[in-house]
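To keep things clear, I will list the structure first and then write my remarks on it.
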Number of protein chains: 2
Amino acid sequence: MTGRPPPLYGDHVPDPAPRAAERNQSSSLRRALAVLAEVRDHAGPGQGLTLSRLAESLAMPKSTILRLTAPLVDAGLLARDRRTGAYRLGVGVLRLSQAYLGTLDLRTVAAEESARLAREAGETVHLVIYEPPHVVYIDKVENQATVRMASRIGSRAPVYCTAVGKAILAWQPEEAVAEVVAAGLPPITKFTITDGDRLRADLLRTRQRGYAVDDRENEPEVRCVAAPIFNHDDTVTAALSVSGLTSRITAARVRDLGPRVAQSALRVSRHLGSSR
Amino acid sequence: MTGRPPPLYGDHVPDPAPRAAERNQSSSLRRALAVLAEVRDHAGPGQGLTLSRLAESLAMPKSTILRLTAPLVDAGLLARDRRTGAYRLGVGVLRLSQAYLGTLDLRTVAAEESARLAREAGETVHLVIYEPPHVVYIDKVENQATVRMASRIGSRAPVYCTAVGKAILAWQPEEAVAEVVAAGLPPITKFTITDGDRLRADLLRTRQRGYAVDDRENEPEVRCVAAPIFNHDDTVTAALSVSGLTSRITAARVRDLGPRVAQSALRVSRHLGSSR
DNA sequence: GCACGGTGTTCTGCATTGCAGAACAAACAG
DNA sequence: CTGTTTGTTCTGCAATGCAGAACACCGTGC
């Protein structure tokens, strides 16, 4: 999407014998999706992206964008401010994501367990899936008592500095870990693990005790305990976590919560057909 | 989207002089979006849509769908089951909706609805957000006919004696109500509710009928009807109201306005992604 | 075993369809 | 009013997507 390879735009290679696979790339469709991505990434709460700005940043003629844009607006994926004419995302995207979340059976299966965990722990519970190289939050159960955190559903987070990420990564093959390390481990807080060997040691401990811990590695005031959810083929593509402010989740509490989160995740795994 | 007019697909009108506007319709892009919509609408939790089924229901050749689909998959809007090859929505749609919800300016979303409400009711409409322990006026649409009231945008008001405040409070957890009561309910007018239990009873009625009423509780000559606006996570942090002088807004008129304000607020809620 | 109806995928000539520059219109700013 | 930005329409050119047919690939059931 952001990193679509060579057929960037404007590269007209006068290929004498263009293969079919190289011809049929739906360039217009790809460009339309590039427009969509551009609007998604650069559109502040205040204003959207104007036609000219889009044309400039995507290096396309305005007429092209106008043409590509019309169907997107009709479909509700884009909307146009009727005063300024600026583009923003449209309500249609909500329909998409709602439908998407509806198709996730993991969410349904885990719902009961998440709710119980949230109630018993009195903290916020998150459910994430693994979309390399990130984890994506697909469900959240909040305890009503605490200060509300921003809704995370749909947002992404790095693998190496979150409990859920590490819980998943710990059960991936070594290559996956190597890739994550190779991609770099930029520090988010001063507690973030930025060394590959230390990360591997942490993943080993995670496997041994059955749950992962994020001790202020992603947010300065948040501790987080997560356990892997095993698929029907015993691979790990999801995780369940309990997180909260450090004032509430102490080191001692982590040792109490860990096994309970692992238990909950295990029950979900069983529902999915895991043999664990 | 589902009801796009003539250029359905396959209608080749042998127009001798096709206008530019009729030529540039990005038919391929439109068809790609039709594919997306089809997957969105017909993809149960269990399985996705197979290529052949898509081709059949959309009346397109399989090769076309395959070609259109490739970029959508690359963009993450569609995903393909690696075993069955069936199409389902991809995680990319979450990124879209996440971005969409981030850019939402409540004012913009509510603007259209507020204007209509103001026009139909012929009274002043207010939009407020909840900033405990107050409500803050963030937009106002006046009817030109009446005497103008002092501009309220940005000003704060107590929760317990305004319709907007009560509309919001009625959908908060009991702790929030307790806090408000604990902070005290000083009388503003002689109609102000100053008793915690009476306030709770009023909030209960508000929940039951779907809108809140301020009967001269904040200003001696003003009646006000308000309804809650639900967020994308179905919490309430804003409200919409119609207010006017008691001479114009009678008790009977309140019963007429109530459901209409509730309707308007509901429409705004839907735009914000509420499932209500 | 081999035909079968069912998948998904590749290929290729044809012309429809999208391309982009230029020309136009409209809204501001100086 | 002239200049500079914006958004929009137009149109010749050919690149690009179109769709049918041909291919490869399962499984199932005579």
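Excluded from the calculations below are hydrogen atoms, water molecules and symmetry mates; all remaining heavy atoms, backbone and side chain alike, are included. Below, read A as the first sequence line, B as the second, and so on, with proteins coming before strands; counting in each chain starts at 1.
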Between [N] ([atom2]) and [X] ([atom1]): distance, integer Å:
X	N	atom1	atom2	answer
Met60(B)	dG20(D)	CE	P	13 Å
Arg80(A)	dT8(D)	CZ	C1'	9 Å
Leu68(A)	dT17(C)	CG	P	16 Å
Leu66(B)	dT7(C)	CG	P	14 Å

Original post:
Relative to the 5' end of DNA chain D, which residue comes earlier, Leu29(A) or Ala86(A), by the nucleotide with the nearest heavy atom?
Top reply: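 Looking at the nearest nucleotide for each, Ala86(A) comes out on the 5' side.
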Subject >> Stems involving DNA chain C, each a run of at least 3 consecutive Watson-Crick or G-U pairs under 3.5 Å >> reply: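 Stem list for DNA chain C: C:8-15 with D:16-23, C:17-28 with D:3-14.
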Subject >> Residue Glu120(B) excluded, over 12 heavy atoms near CD under 6.0 Å >> reply: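 More than 12 within 6.0 Å, yes.
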From C-beta outward on [X], which listed nucleotide comes closest to its side chain: [options]?
X	options	result
Pro61(A)	dG17(D), dG7(D), dA20(C)	dA20(C)
Ser28(A)	dG18(C), dT9(C), dT9(D)	dG18(C)
Lys62(A)	dA19(D), dT8(D), dT9(C)	dT8(D)

Original post:
Is the shortest heavy-atom distance from the side chain of Leu36(A) to the side chain of Leu77(A) under 4.5 Å?
Top reply: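 Result yes, sub-4.5 Å side-chain heavy-atom pair found.
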Original post:
Under a 4.5 Å cut-off applied to non-hydrogen side-chain atoms, are His126(B) and Asp139(B) in contact?
Top reply: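 No, every pair of side-chain atoms sits at 4.5 Å or beyond.
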Subject >> Residues from residues 49-57 of chain B lying under 4.0 Å of DNA chain C - heavy atoms >> reply: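 Close to the strand are Thr50(B), Leu51(B), Ser52(B).
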Original post:
Is there a donor-acceptor pair closer than 3.5 Å between any side-chain N or O of Arg107(A) and the backbone N or O of Ile138(A)?
Top reply: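 It does hold such a pair.
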**OP:** For the pair Arg207(A) (side chain) and Ala170(A) (backbone), establish whether a donor and an acceptor sit closer than 3.5 Å, ignoring hydrogens and angles.
**Re:**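 It does hold such a pair.
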Strictly below 4.0 Å: does [X] bring a side-chain N or O up to OP1 or OP2 of [N]?
X	N	value
Ser27(B)	dG18(C)	yes
Arg30(B)	dG17(D)	no
Arg31(B)	dA19(D)	yes

Original post:
ring pair (Phe, Tyr, Trp, His ring centres under 6.0 Å): which pairs involve residues 162-185 of chain A, sequence neighbours left out?
Top reply: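 Checked against ring pair (Phe, Tyr, Trp, His ring centres under 6.0 Å) - neighbours excluded - the pairs reaching residues 162-185 of chain A are Trp171(A)-Phe230(A).
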**OP:** Decide, yes or no, whether a salt bridge links Glu56(A) with Arg53(A) under the criterion of side-chain N to carboxylate O below 4.0 Å.
**Re:**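 No.
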Original post:
Do Glu131(B) and Arg156(B) meet the salt-bridge criterion of a basic N to acidic O distance under 4.0 Å?
Top reply: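 A salt bridge is absent here (no side-chain N lies under 4.0 Å from a carboxylate O).
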Subject >> CG-CZ distance between Leu96(B) and Arg40(A), expressed to the nearest 0.5 angstrom >> reply: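 CZ of Arg40(A) is found 5.5 Å from CG of Leu96(B).
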Original post:
Ser63(A) near the nucleic acid: base, sugar-phosphate alone, or nothing, with a heavy-atom cut-off under 4.0 Å?
Top reply: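 Base contact - Ser63(A) has a heavy atom under 4.0 Å of at least one base atom.
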